[in-house]
Each structure stands twice: as structure tokens, then as C-alpha cells.
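For clarity, every value in this text was computed on a predicted model and none was experimentally measured.
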Amino acid sequence: MRERRRGGRILLVTLAALAVGSCFLPIPRAMRPPEAVVSDSAAAEAARQDSIARAEQAEAARRDSILAAEREAARQDSIARAQREAARQDSIARAAARRDSILAAEREAARQDSLEAARRDSLIAAARRDSIASIEAARAAAAAELAQLRESGPVFVAHDEAPRLVWDTEAEAALATTLLPVIRGEGLDPNIAASIWLLVRTDGRVEATAIQVSSGDGAFDAAAVRAARGLLFAPALRGGRVAPVWVLREISLLMR
């Protein structure tokens with residue numbers, strides 16, 4: 001009996017020890033209570049949604065910044081275009097003003113040129129009229145003086161420069177053609193000469209003749225007069241103007 005009781009007490013102690021030790025042993029997974037899965041999933045979803053919201057906000061802020069930058073760039077571009085257009089219009093206006101100024105200056109210069117040309121033409125016409133009148137008066141005076149000298153016959157008239165014979169091969173040939181046949185035909189001395197008064201006009205031509213000293217041969221005198229009428233002179237000058245005068249020349253083959 002006593003052995004049986006002691007075995008029972010040992011069993012009870014063993015059971016108690018096992019009960020106390022089980023409190024410190026890990027509980028098997030199958031025996032654990034279910035975890036709060038639902039609550040952790042909601043937190044993760046909330047975190048995901050919050051991350052998405054922040055990303056959307058950042059994207060919206062980025063888009064707003066891009067739009068603001070684009071609007072500012074468009075505004076600056078519009079201002080630049082307006083400034084360029086204003087500068088172009090100003091340049092066009094200045095060019096038009098400069099062109100108008102140039103045209104006005106050209107018109108004024110043309111008007112002044114026209115006035116100057118008209119004034120010059122008027123002066124030239126007046127000078128031409130005066131010159132023509134002066135020439136006509138001088139010609140009339142010379143013609144009157146020439147007529148007076150022809151009527152009066154050989155007479156000395158004061159002058160500043162005497163007529164000068166224009167002598168060339170043509171004049172020499174004309175003289176020889178006139179005198180040489182008479183000298184040969186009459187058998188005259190080749191040195192024969194006649195002194196003849198010549199009335200020289202203002203154009204240098206001989207207007208009239210008068211024999212001062214005869215050569216002694218009528219045929220030669222006549223030939224000498226013909227030769228004298230074909231001579232050409234640089235006219236006499238009196239007071240800076242040409243004037244008709246009588247001049248005495250010896251007509252011969254040897255004259256120069």
C-alpha cells in the first residue's frame with residue numbers, strides 16, 4: 001500500500017512539473033491564435049495610397065511648373081515679337097521719312113537748277129541780244145567807214161595795228177599765176193613792181209585799189225591790181241576792234 005501511494009505522489013509531481021514547464025515552451029504554430037492579417041493589410045494599402053497621392057501631387061506640381069514656364073516663355077516670346085515688330089515699323093517709318101527728305105531735297109535742287117538755268121538762259125539771251133546789237137552796230141559803223149574810205153580814196157587812217165598779209169603757198173601760187181604770164185608775154189623784167197593802195201575790209205579782203213606808183217607797163221599794172229584784189233590780210237586793229245584802212249603795198253613776184 002505504502003509503495004502505491006509513493007508512486008502516485010511521484011506521478012502527481014511529474015505532472016505538475018510538466019504543467020509548469022509548459023508555460024515556458026514555444027506554442028506550436030498550429031496551436032497559435034490567428035494573426036491580425038486584416039489590420040496589417042489596411043495599413044499597407046493606406047501607405048500605398050498615400051504614396052500614390054504624394055506622387056500624383058508631385059506630378060501635378062511638376063505639370064503646373066511646366067505650364068507656368070511655358071506660359072512665361074510664351075509671354076516673353078510675345079513681348080519679343082512685339083518689340084521686333086515695333087522696331088521694324090520704326091525702321092520703316094525712319095526709312096520713309098529719309099526717303100521723303102531725300103525726294104524733297106532732290107525736288108528743291110531740281111527747282112533751284114531750273115531757276116538757275118532759266119536765269120542763265122535769260123542772261124545768255126540778253127548777252128546774245130546785246131552782242132548781236134553790238135555786232136550789228138559795229139558792222140554798220142564799219143560799213144559806213146568803209147564807204148567813206150572808198151569815196152575819199154587813199155588816205156591815212158590812224159590804227160593800232162596795220163593789216164598783215166596772210167602769205168602761204170596758195171597765195172604765192174595765185175600771185176604767180178596772175179603776174180608771170182604777163183611778165184613773160186610782155187618780156188618784162190621779173191623784178192618789175194607796182195605800188196598800189198589797198199582798201200582792206202574788216203574781214204581781211206581787199207575792197208578797192210588805187211595805183212600809187214605805176215610799174216610803167218599798163219598790162220602789168222592791170223595784172224597787179226587783179227592780183228592785189230585776191231590777197232587776204234589779217235585786218236587792222238583800232239581800239240581793240242577790227243577796222244577798215246588803206247594800206248600801201250608793192251605788188252611783184254617777189255613780194256612777201
Student: Hey, are Asp203 and Arg201 close enough for a salt bridge, meaning a charged N less than 4.0 Å from a carboxylate O?
Tutor: yes
Student: Can you establish whether the number of heavy atoms outside Glu151 located under 6.0 Å from its atom CD is more than 12?
Tutor: no
Student: Is any side-chain heavy atom of Trp167 less than 4.5 Å from a side-chain heavy atom of Glu172?
Tutor: yes
Student: Can you tell whether the side chains of Glu145 and Arg238 come within less than 4.0 Å, N to carboxylate O?
Tutor: yes
Student: Give me the atom names and distance for the closest heavy-atom approach of Thr202 to Pro244.
Tutor: CG2-CD, 3.7 Å
Student: What closest approach, in Å, do Ala223 and Val182 show between heavy atoms, and which atom pair accounts for it?
Tutor: CB-CG2, 3.7 Å
Student: Nearest heavy-atom pair of Pro235 and Val242: which atoms, and what distance?
Tutor: CG-CG1, 3.7 Å
Student: For the CG atom of Leu67 and the CZ atom of Arg62, what is their distance to the nearest 0.5 Å?
Tutor: 10.0 Å
Student: Roughly how far, to the nearest 0.5 Å, is CG of Asp221 from CD1 of Ile211?
Tutor: 4.0 Å
Student: Could you grab the distance from atom OG of Ser101 to atom CD of Glu106, nearest 0.5 Å is fine?
Tutor: 10.0 Å
Student: Pro154 and Ala210: which non-hydrogen atoms are nearest, and at how many Å?
Tutor: CG-CB, 3.6 Å
Student: If only atom types and distance count, is the side chain of Ser51 paired as donor or acceptor with the main-chain N or O of Ala47 below 3.5 Å?
Tutor: no
Student: Do Arg111 and Arg107 make a side-chain contact, defined as non-hydrogen atoms from C-beta onward lying under 4.5 Å apart?
Tutor: no
Student: Answer yes or no: is there a side-chain heavy-atom contact under 4.5 Å between Glu207 and Arg150?
Tutor: yes
Student: Any side-chain to backbone donor/acceptor pair from Thr177 onto Ala173? Under 3.5 Å, distance only.
Tutor: yes
Student: Just how far is it from atom CZ of Arg99 to atom CD1 of Ile92, taken to the nearest 0.5 Å?
Tutor: 10.0 Å
Student: When you compare the side chains of Gln112 and Glu116, does any donor N or O come within less than 3.5 Å of an acceptor on the partner?
Tutor: no
Student: With side chain to side chain contact (heavy atoms under 4.5 Å, CB included) as the test, would you mind laying out the steps for Met255 and Leu175 before giving the verdict?
Tutor: CA-CA 9 Å; Met255 69 176 295; Leu175 184 68; 3.4 Å; yes
Student: Can you confirm whether Val200 sits close enough to Arg205 that some side-chain heavy atom of one is under 4.5 Å from a side-chain heavy atom of the other?
Tutor: no
Student: Is the shortest side-chain heavy-atom distance between Ile251 and Val225 below 4.5 Å?
Tutor: no
Student: Tell me whether Phe220 is reachable from Leu231 by hopping between hydrophobic residues (I, L, V, M, F, W, Y) whose side-chain heavy atoms are closer than 4.5 Å.
Tutor: yes
Student: Taking atom CG of Asp189 and atom CG of Asp217, what is their separation to the nearest 0.5 Å?
Tutor: 11.5 Å
Student: Between Phe233 and Val206, is any pair of side-chain heavy atoms under 4.5 Å apart?
Tutor: yes
Student: Could you tell me which non-hydrogen atom of Pro163 sits nearest to which non-hydrogen atom of Val245, and how far apart they are?
Tutor: CG-CG2, 3.5 Å
Student: Side chains of Asn191 and Ser252, heavy atoms from C-beta outward: is any pair under 4.5 Å?
Tutor: no
Student: Hey, is CD on Gln148 packed in by over 12 heavy atoms from elsewhere, all under 6.0 Å?
Tutor: no
Student: Same cluster or not: Val213 versus Val247, using hydrophobic residues (I, L, V, M, F, W, Y) connected whenever any side-chain heavy atoms lie under 4.5 Å apart?
Tutor: no
Student: Step through the shown structure and confirm whether more than 12 heavy atoms of other residues, nucleotides or ligands are within 6.0 Å of CD on Glu45.
Tutor: yes
Student: Quick check on side-chain contact (heavy atoms from CB on, under 4.5 Å): which of Leu198, Leu199, Thr209 does Trp246 satisfy it with?
Tutor: Leu199
Student: Ignoring hydrogens, what is the shortest heavy-atom contact between Val166 and Ala234? Give both atom names and the distance.
Tutor: CG2-N, 3.8 Å
